[in-house]
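Step one of this worksheet: look at the structure below.
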Amino acid sequence: MSALFESYNLAGTTLSNRVVMAPMTRSRAPDDIADVSTALYYAQRATAGLIVTEGTPISREGQGYLFNPGIFSGEQIAGWRLTTQSVHAVGGRIFAQLWHVGRVSHPSIQADGRDPVSASSKIAEGATAYGYDEDGKAGPIATTAPRQLTTEEVARVVEDFAQAARNAVEAGFDGVEIHGANGYLLEQFLNPGVNDRKDRYAADTLENRLRFVLEVVDAVTNAIGRKRTGIRISPFGQLFDMPLYDDIAETYGALLAALGERRIAYVHVMDQSGFSDIRGDTKVTTSDKIHSLLRTAKPDLKDTAVILAGGLNRQRAESLIADGTIDLAGFGKPFISNPDLVARMRRDWPLASADADTFYGGTMVGYIDYPAYDAR
Ligand code: PHB
């Protein structure tokens, strides 16, 4: 049988196969609290070896879109418990994706109408948040200029990540994935075209540029343990106004080595070339560069699994696992419309395509009503 469908030991958590349901924003939590429909949605997909939830904001400040279920209040923790219990009841495993959007936000969703925060005060050109317009109507809205976090505030954000990780464990999650990808706060520190700081998190040296990300990783592993900690990154990604720069491969090579030293459970790499149709225009082909980065970094990642997501299908996933480039394969959109994706891939049953009009927000249509394949 193909390794894709065999069980896998992820730093002590047994997964029933190597298929990962990738994190996807669905924006269906009216009060930013995961509820019974969230629980049903994930339980329907729990034959994935591992589910990574949609991004769950670690604080109000970290939120960029309305209706995303967060993980900072008691009610939010209780809400997520419905999901973890439902997924575990049917034998699944689930990590929470801890999310701070940084500058990809808008004052209308921040406490007291404050400006969003970032590593710098540079605006994310062309990016949209999801907030309220002047008439109080909810909808996509252009991001505004952020305020640069002070050095002291950076320490507070690091602690917000650690507290969110504790909250996730309290909610019953098997672990957490730190969102370090796709143009959000961690990448705003990593990218020298965005980070214009003058303090110890400045872009002047690679060490300083990596400092915030590694402080977050260390705070989270101290809070809940390395075996329950993963991170998502998107090398070569340009989503939400992340400019390309000269030493991307060197940056991510150093980051991967530092993560490998910390022996965290996994690194989840997002290949944005499979993502060009969603909220950003990133029509770049980065797959080859990403594969070669991963092959180079593999010896540094002895105790850290590699997940790749973005544009995979069964055959590509199997060949990347077989040649040792990756350990686990992430699938996003196919999981929206194929709750039984694992069975369909395994048996070569046809895949249903997802309706992009119901990706974000709206009703239960396009959320919990995609059926499993009827093989009769
Ligand atoms: C989105 O909601 O469009 C979104 C969220 C998280 C990502 C990327 C895109 O990492």
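- Between Arg93 and Thr13, the shortest heavy-atom contact is CD-CG2, 3.3 Å.
- A salt bridge does not link Arg346 to Asp340: none of the charged nitrogens lies less than 4.0 Å from a carboxylate oxygen.
- With 3.5 Å as the limit, one finds a donor-acceptor pair spanning the side chains of Gln163 and Arg166.
- The list of salt bridge (Lys or Arg N to Asp or Glu O under 4.0 Å) pairs with a residue in residues 253-270, not counting sequence neighbours, reads Asp218-Arg262, Arg263-Asp303.
- When only modelled atom types and interatomic distance are considered, Thr38 and Thr83 share no side-chain donor-acceptor pair under 3.5 Å.
- The ring of Tyr360 has its center no closer than 6.0 angstrom to the ring center of Tyr130.
- Each of Asp247, Asp204, Asp196 was scored for a salt bridge (Lys or Arg N to Asp or Glu O under 4.0 Å) with Arg209, with one residue passing: Asp247.
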- request: Give the intermediate values and the outcome of salt bridge (charged side-chain N to carboxylate O under 4.0 Å, His left out) for residues Asp135 and Lys137.
  value: CA-CA 5 Å; Asp135 304 323; Lys137 194 171 161 294; over 6 Å; no
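- Side-chain polar atoms of His291 and Asp271 form no donor-acceptor pair below 3.5 angstrom.
- Contact annotation: the side chain of Thr296 never approaches that of Leu256 to less than 4.5 Å [non-hydrogen atoms, C-beta and beyond].
- With hydrogens and angles disregarded, no donor-acceptor distance shorter than 3.5 Å links the side chain of Thr325 to the backbone of Arg295.
- Counting only distance, with no hydrogens or angles, the side chain of Arg344 and the backbone of Pro339 share no donor-acceptor pair below 3.5 Å.
- Between Asp348 and Arg314, some side-chain heavy-atom pair lies under the 4.5 Å cut-off.
- There is a path of hydrophobic side-chain contacts, each under 4.5 Å, that joins Leu210 to Val269.
- More than 12 heavy atoms of other residues, nucleotides or ligands lie within 6.0 Å of OH in Tyr373, so this atom counts as buried by the packing criterion.
- Taking the side chain as every heavy atom from C-beta outward, Lys333 and Phe359 approach each other to under 4.5 Å.
- Counting only N and O atoms by type, the side chains of Glu187 and Asn182 include no donor and acceptor under 3.5 Å apart.
- More than 12 heavy atoms of other residues, nucleotides or ligands lie within 6.0 Å of CD in Glu153, so this atom counts as buried by the packing criterion.
- Annotation for Ala317 and Phe331: closest pair CB-CZ, 4.1 Å, computed over non-hydrogen atoms.
- Residues Leu294 and Ile290 have side chains in contact (heavy-atom distance under 4.5 Å, counting atoms from C-beta outward).
- A pairwise comparison of heavy atoms in Asp323 and Leu320 identifies OD1-O, 3.0 Å as the closest pair.
- A donor-acceptor contact closer than 3.5 angstrom links the side chains of Glu54 and Tyr42.
- The salt bridge (Lys or Arg N to Asp or Glu O under 4.0 Å) pairs that include a residue from residues 16-42 number zero, where partners must be two or more places apart or lie in different chains.
- The backbone N or O of Gly183 lies less than 3.5 Å from a partner atom in the side chain of Gln188, making a donor-acceptor pair.
- By the salt bridge (charged side-chain N to carboxylate O under 4.0 Å, His left out) test, Asp300 is found to be paired with no residue, residues two or more places apart in sequence or in another chain being considered.
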